[in-house]
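Working notes, beginning with the structure itself.
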Number of protein chains: 2
Amino acid sequence: MPENSSDPHAPRAPYMEVLAALTAEIEAGKYAPGALIPSDAQLCERFGVARETARRAVKVLRERGLIRTEWGRGSRVVDRSAGADPGNQGPAVPNA
Amino acid sequence: MPENSSDPHAPRAPYMEVLAALTAEIEAGKYAPGALIPSDAQLCERFGVARETARRAVKVLRERGLIRTEWGRGSRVVDRSAGADPGNQGPAVPNA
DNA sequence: TTATATTTGTCCGTATGTATG
DNA sequence: ACATACATACGGACAAATATA
């Protein structure tokens with residue numbers, strides 16, 4: 001069962017919910033640096049949203065530098081420890 | 001001076017016409033519970049009104065609990081049979 | 001090599017939510 | 001009340017890159 005539904009009563013837009021959940025998990029270390037986060041399809045299944053909505057959240061994570069996305073592979077958590085190469089995967093958009 | 005605030009022959013506001021027509025059709029069973037009612041664009045076309053006007057009528061239907069609105073999908077007729085979950089889609093504003 | 005499955009990239013059409021003239 | 005524009009969302013479709021059998 002999805003964690004949330006797309007009802008219009010959600011305090012935030014659906015993609016915001018996905019974004020908040022993924023951000024929290026990444027910062028909590030649920031996905032180690034270099035590890036793959038769930039795929040688009042898995043996020044759709046888990047959150048009960050359309051792929052576009054899942055991708056919108058993933059895009060923000062990429063813009064914020066939390067993940068790197070590789071075509072055909074998935075998105076990996078970026079190692080942000082001192083001295084690590086950021087990889088420059090997107091424009092610098094630290095926050096919204 | 002208002003041209004019709006005390007004129008019993010004044011026509012109802014356009015959104016009232018849309019509201020009355022949709023209410024009658026829903027209660028007549030034209031749209032089964034769970035079925036989608038016409039979209040904003042279809043209502044505009046059918047009644048010859050602006051989208052804002054169609055949406056006002058739809059909003060009242062939602063507030064009255066006759067329909068449930070899903071973002072990106074449409075508005076569905078609520079099953080109001082005994083024991084059915086109303087879904088709580090809006091503030092309780094049963095009538096004007 | 002080919003075939004299949006998975007994943008991301010992109011595009012289309014439709015619908016609602018919101019804001020501004 | 002009308003007209004327009006944009007943001008957000010859903011659903012489907014296809015292409016391109018990757019991984020595996």
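Every chain is numbered from 1 and lettered A, B, ... according to where its sequence line falls, protein lines coming before strand lines.
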Next on the checklist: For a quick test of reading the model: is some side-chain N or O of Arg56(A) closer than 4.0 Å to OP1 or OP2 of dT8(D)?
Outcome noted: yes

Checklist entry - Under the side chain to side chain contact (heavy atoms under 4.5 Å, CB included) test, which residues partner Gln42(A), sequence neighbours left out? => result Pro38(A), Ser39(A)

Checklist entry - Which residue, Ala50(A) or Glu52(B), contacts DNA chain D at a nucleotide closer to its 5' end, judged by nearest heavy atom? => result Glu52(B)

Checklist outcome for this item: Rounded to whole Å, the CZ-P distance (Arg76(B) to dC10(D)) equals 13 Å

Item to check | Euclidean distance, atom CD1 of residue Ile67(B) to atom C1' of dA15(C) [Å, nearest integer] | outcome: 13 Å

Item to check | Taking every non-hydrogen atom, the tightest pair across Arg51(B) and Cys44(B) | outcome: CA-SG, 3.2 Å

Checklist entry - Counting only non-hydrogen atoms, which of residues 21-47 of chain B are less than 4.0 Å from DNA chain D? => result none

Checklist entry - For nucleotides 15-21 of chain D, read 5' to 3', which letter fits each nucleotide if B means a protein heavy atom sits under 4.0 Å from the base, S means only the sugar-phosphate is that close, and - means neither? => result -BBSS--

Item to check | Check: Thr23(B) side chain, Leu19(B) main-chain N or O, donor-acceptor pair, under 3.5 Å | outcome: yes

Item to check | Residue from Ile26(B), Ile67(B), Leu36(B), Leu66(B) passing side-chain contact (heavy atoms from CB on, under 4.5 Å) with Tyr31(B) | outcome: Ile26(B)

Next on the checklist: Apply salt bridge (charged side-chain N to carboxylate O under 4.0 Å, His left out) to residues Glu25(A) and Arg46(A) and explain how you reach the verdict.
Outcome noted: CA-CA 14 Å; Glu25(A) 289 178 353; Arg46(A) 173 176 164 193; 2.5 Å; yes

Checklist entry - Please walk me through it: do Val60(B) and Tyr15(B) pass side-chain contact (heavy atoms from CB on, under 4.5 Å)? => result CA-CA 10 Å; Val60(B) 174; Tyr15(B) 94 89; 4.2 Å; yes

Next on the checklist: Closest approach to the side chain of Pro14(A), judged atom by atom: which nucleotide of dA9(D), dT8(C), dA1(D) is it?
Outcome noted: dA9(D)

Checklist entry - In the structure shown, which nucleotide is the Watson-Crick or G-U wobble counterpart of dA1(D), with both distances under 3.5 Å? => result none

Next on the checklist: Would you compute the distance between atom OG of Ser75(B) and atom NZ of Lys59(B) and round it to the nearest 0.5 angstrom?
Outcome noted: 13.5 Å

